[in-house]
Amino acid sequence: MSVAELKERHIAATATVNALRERLKQKRTLLLDTDVAGYARSQGRTPVSFGPTDLVCCRILQGHTGKVYSLDWTPEKNRIVSASQDGRLIVWNALTSQKTHAIKLPCAWVMTCAFSPNGQSVACGGLDSVCSIFNLNSPVDKDGNLPVSRMLSGHKGYVSSCQYVPDEDTHLITSSGDQTCVLWDVTTGQRLSVFGGEFPSGHTADVLSVSINGSNSKMFVSGSCDATARLWDTRIASRAVRTFHGHEGDVNTVKFFPDGQRFGTGSGDGTCRLFDMRTGHQLQVYHQQHAAADGEVPHVTSIAFSISGRLLFAAYSNNDCYVWDTLVAKVVLNLRSLQNSHEGRITCLGLSADGSALCTGSWDKNLKIWAFGGDRREI
Amino acid sequence: MKGLLSSMLPVGVPIPHSQDEVEYSFAMEYHGPPVTYDLPRAVPIDIKRIPTAAVVASSSLSDKLSLPVVQPLLAPDPSGKKHPKELIQGSRKIVSPTSVITFDQRDRDGPDCGLSGEFSSSGTLAFSNGHDQSCELSDVIDDGSGTLAFSNGHDQSCELSDVIDDGSGTLAFSNGHDQSCELSDVIDDGSGTLGLSNGHEGSPQLSGGIGVSGSLGCCNNRDESHESSCSSGALRPSGDCKESLDFLNDINPPDWGSTESIQSSHFLSSEISSSKGDDFNNDPDCHAKRTSIVTFLDAESNDSVNEEFGPGEGQVIQEQRGPGTKTKKGACYRCSKGNRLTDKEACIVCNKKYCSNCVLRAMGSMPEGRKCVTCIGLPIDESKRESLGRCSRMLKRLLNELEVQQIMNAEKSCETNQLQADLIYVNGQRLCPEELVLLQSCPNPPKKLKPGRYWYDKVSGFWGREGQKPCKIISPNLNVGGTISANASNGNTKVFINNREITKSELRMLQLVGVQCAGNPHFWVNADGSYQEEGQKNIKGHIWGKAGTKLVCAVLSLPVPSKTTNPCGEEVNNLVNRPVPYYLEHRALQKILLTGYSGCGTSTIFKQAKILYNKPIPFSEDERQDIKLMIQSNVYKYLGILLEGCERFEEESLDEMKKKQSLDQFDDVGNVKENEEKTIYSIGPRLKAFSDWLLKVMVSGNLEAIFPAATREYAPLVEELWKDTAIQATYKRRSELQMLPVVASYFLEHVVDISRTDYEPTNEDILHAEGITSSNGLACMDFSFPKSANDDGSETADQNDSLLRYQLIRVHAKGLGENCKWLEMFEDIRLVIFCVSLSDYDQFCDDGSGSFVNKMLASKRLFESIVSHPTFDQMEFLLILNKFDLLEEKIEQVPLTRCEWFDDFNPVRSHHSSNRNSNSVNSNPSLSQLAFYYIAIKFKRLFNSLTGRKLYVSLANAWEPATVDEALRYAKEILKWDEERENLSMNELSNYSTEASSFSH
């Protein structure tokens, strides 16, 4: 069979696949009789109302000298690790707002960081294509720097996101610019599984984000520049369980819904979406019309769900940070309009494990902790 | 109580049994049957503290502004014992206290209704901006918080009823009046000197029912501290009220008053905020919006309203307030509690002292050490420099060891806490930051440098305060400050050392040591202590040579040179090999980004730069190991490609043979069988097995995984394979193997050595290896340019040059993500070096979507997207046109017009072609040079059309160290020009553009 013939067949096959995909999409839209907001409205649900005191900034974590790119809470809720463009990871005590560790990184271009479930070590990754693990208990070297305790190398592109598998300190999942996600064994530094890459049904562009299902840690979801999100089972590396289409731009961030049955995505097309894991349907689009003069749509940089899932926090590239009511798909609050709001783009969001506080990291070099006011200790 | 609650809550809402059990989780919304009516947005209520309110008919007090009058009726409150008293005080007034106050003030201040609004809002939500207060208030009500909103000027009845309908609203209402009750109290007391006690008394009462207090639960929830949630919220508004009252009493312009009060509230509420007060003054609209009710203050914070202002306004207000509110001496600045003996921590900028309860709130996360939040970013009090990094017991008690350590580190090492260079004068000249760095990082720095005027003898290293004798001998030959003057140390001995008239004690010392000082000599003393008389050549002796000198110096308290004195002055100004404190790093470091399309040779340039500038050890052991593995796995890959080619050739030749055989079949039947399965490309069965295994591993895509184990096992096999005639025959036809990169032959020639376990890559090998690390991620190196022979003379005086360190950051184009997503991380780059391979013009690559594109065009596209990236607005670009050697080889065979972008390349050289072989290069550039100029112009035009600026271009051949060195030095020059741009004429740079005129278009 000649190359030209092969190419022809390939093109034909691609066309067929696209046609099928289109049909699938149509079928889906036929099946979708309503979305969450429509149903909620028909049930008479009204948006959560937010008073000016219901979400307030109660701590400002100052100390980074560069843009903050990532943050993560410990499961036991009172510590935060943050990664910044100044080439440092800082571990904070969220209660006293003091630093406990400032880790100078070998490579300053860090994009992600994560706390291990037991809170003893932190992981970070960035443009150096390596995921570095630091044990917080190891002694500092003569310059006062914490040594890298493990380098997870093997990615062929930048490490865009990393997350420890809940309750397993030895396992970590990273996503990378080489279009793959990898499950690592931290103790040996070996790759346990590679998701995507050589295998078909992997992402076809840089993977930007991962999120592990909180209720079933075998499942995780990844978001990529190919405008899709894919659901993976760590036991089956060879193919994605499901691919979620719908976005029209890079999927910058994915986050599992607290109940573990759905997940949210945030994208460069300016929308957040809620997908159902089991049916593969898109449940809701969260989209705010922006009247930007230059027609530029602000990207969603990061999202987080409140502990009940009723609220979706979404940070946008134009410094907005909306609080969406996930049920009725209405913006109920803009963090930017609050007192002590960030002066720069919010790049990362995270809720503490008990849901009582939200931490935001921003290009203005600060992190802020927001707590729920009123008697809503958590939402 | 329950009945009361159920009457306030709509039907269907469960009544909480006790406060502790209440968990208002919205998750509840998922369960239960759908309701047909709107769910109430009730703010949960603290049952024990519910005051009820009865509405009194609103008495219209003014035409303009009719306020609702609500007489508060307080529910029996077990916790708040003071309520009755407060109530009485409140009801002493006939009408609502708020309105009374408001109108009183109005009468005095004229027709500005802003005040009342301000009042109510400060009472309620600290909203309060003089104007448009009504709208703000209604906003509040709309928000449904309903906490404390009350009394809106217009359409009050409607609001009122609204509020009343809502349970929580009613609560809010009465609260409002509660608040105003307290206010009236305050007014009864009169005047600006509002007693602390008053505020304190008021506070528990206030806190009683205020919904806000609940809102603060969050912070308490998050917060280990002691304060009770109720009081914290409640008190602040009262504080605010007083604030505005003060202003009223002083008959300040009301607008000002409101701004001030907002400001105060802002400061109060944001002891953790970094915002500056100025912003707020300039931007009243903004704070009207931003100011909200929440504060995180302690109950005692009432009076810190005065203290926590910005310096300017704070003073003014304090004066107005009079002495009554001044903090006691020795008391905490925030809570005014404690005395001299209680442990306190002082701000290292303004010296405000805080007790252990307040210190964490006043100082926040201490990014620069122990400073109040408002002092962050300001230079420290010099008298406290000594105590930097010395921790007090109190902090140790409050925080854990790690936290204290971090604070102390930050305090010592953060940039703002460092000595200010412009406070130090050396030889009458103010230092610039670089000079200070040089001074402090020299091997023998002046100890405990304080701001002041110093003299410095550069030749001998003597150092002292201006007008005083020397106090230290520091490293000599530092390029700091001006030239020393004769009276620097205010001597009067008429004896001179290095142009400085020495002091009496120095003269004594010299005499005691036995130096002849008769006749007012002028000495010339070197750093090593050797001295000579001015104008004479011979060294007369060594001051430090004698045993007694040091003793004499000790007696006269004169400095002696330290043992570590570095005698050779040349190294002193060189900062490169010295550890630089973190806070200096970014100042001295000039970052250069090196990038380009894949295969353009950035990694070779990077490695070449490492070899050039990291002289003794260009690659660390780890890096070598990494590269070794990379080379080895690459060699296996090359072998695999060869084996694939071998199989292909074998098939082809078998086909051919079969064809031949079918032709020859009839002539020669007997010979056929012997030759049947054997060609020159066949390999033996053992090697066949190895090659099959290798190909399988390659296909599966984890070639790296088998290393380094593979090297041990298969080294002999590799050797055998390489020597096999089949492979050699294939290798001879390597030009037919498209997959095989150019460098493969370099490594395949040495494959036997390389596949050994004890193989150590040479620099040459490393240079030829593909990539820098196996992960091919970002790589960076710090370097400085060693002084080369040609700039020795001209630049030795350029002291800043020696301070400059460069960081070369090499990123793979793919490493920047789709659409260069991550370029935004490189905002602190000073220069971008974009690399293009000149030989790319006839090469094609897969662009990811299956279609092939010209690599030069792909390069161009990347260049465009990087140049026009918003992060690199106004960035300088240097284009390196790489692989000139390949261009030279190729251009004669393959015309440049193969690439469509270069289709108008039409060098005028027809009249030269006749004598092309004989002419000199200078007068008649070769075709490849013409092509280079042409491409350079193409890129320059492109750059200019995109940015309107000039593109710098350099030529390089990455294999040759000299060309890389030249290109990077050119980069250095660009950075320098960038700094002194105005002095620069554009002609200097454009030697290529003149060449360009020879092209016809």
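The structure presented is a predicted model; accordingly, all values stated were derived computationally and were not measured. Residue numbers begin at 1 in each chain, while the letters A, B, ... track the order of the sequences.
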Would you mind telling me which of A/A102, A/G63, A/S176 has the largest number of heavy-atom pairs within less than 4.5 Å of chain B? A/A102
Taking atom NZ of A/K365 as the centre, does the number of heavy atoms from other residues, nucleotides or ligands within less than 6.0 Å exceed 12? no
Ionic contact status for A/K67 with B/E824, cut-off 4.0 Å: no
Does any backbone or side-chain atom of A/D250 lie under 4.5 Å from a heavy atom of chain B? Answer side chain, backbone, both or neither. side chain
Please classify the contact between A/D325 and chain B as side chain, backbone, both or neither, with a heavy-atom cut-off of under 4.5 Å. neither
Fit a plane to each ring of A/Y158 and B/W822, take the angle between them on a 0 to 90° scale, and name the class: parallel (under 30°), tilted (30 to 60°) or perpendicular (over 60°). perpendicular
Quick check on A/H101 against chain B: is it the side chain, the backbone, both or neither that has a heavy atom closer than 4.5 Å? both
Less than 4.5 Å to any heavy atom of chain B: does that hold for the side chain of A/V110, its backbone, both, or neither? backbone
Chain A heavy atoms under 4.5 Å from B/I809: which part of the residue, side chain, backbone, both or neither? side chain
Under a 4.0 Å threshold between the charged nitrogen and the carboxylate oxygen, would B/E403 count as salt-bridged to A/K99? no
Determine whether A/V56 and A/Q339 satisfy the following criterion, side chain to side chain contact (heavy atoms under 4.5 Å, CB included), listing intermediate values before the conclusion. CA-CA 8 Å; A/V56 289; A/Q339 187 185 24; over 6 Å; no
Can a donor-acceptor pair be found between the side chains of B/D622 and B/S620 at a distance below 3.5 Å? no
Specify which of B/I407, B/L402, B/N400, B/L398 makes the most heavy-atom pairs with chain A at under 4.5 Å. B/L402
I'd like to know which of A/I11, A/T204, A/L208 tops the heavy-atom pair count under 4.5 Å against chain B. A/L208
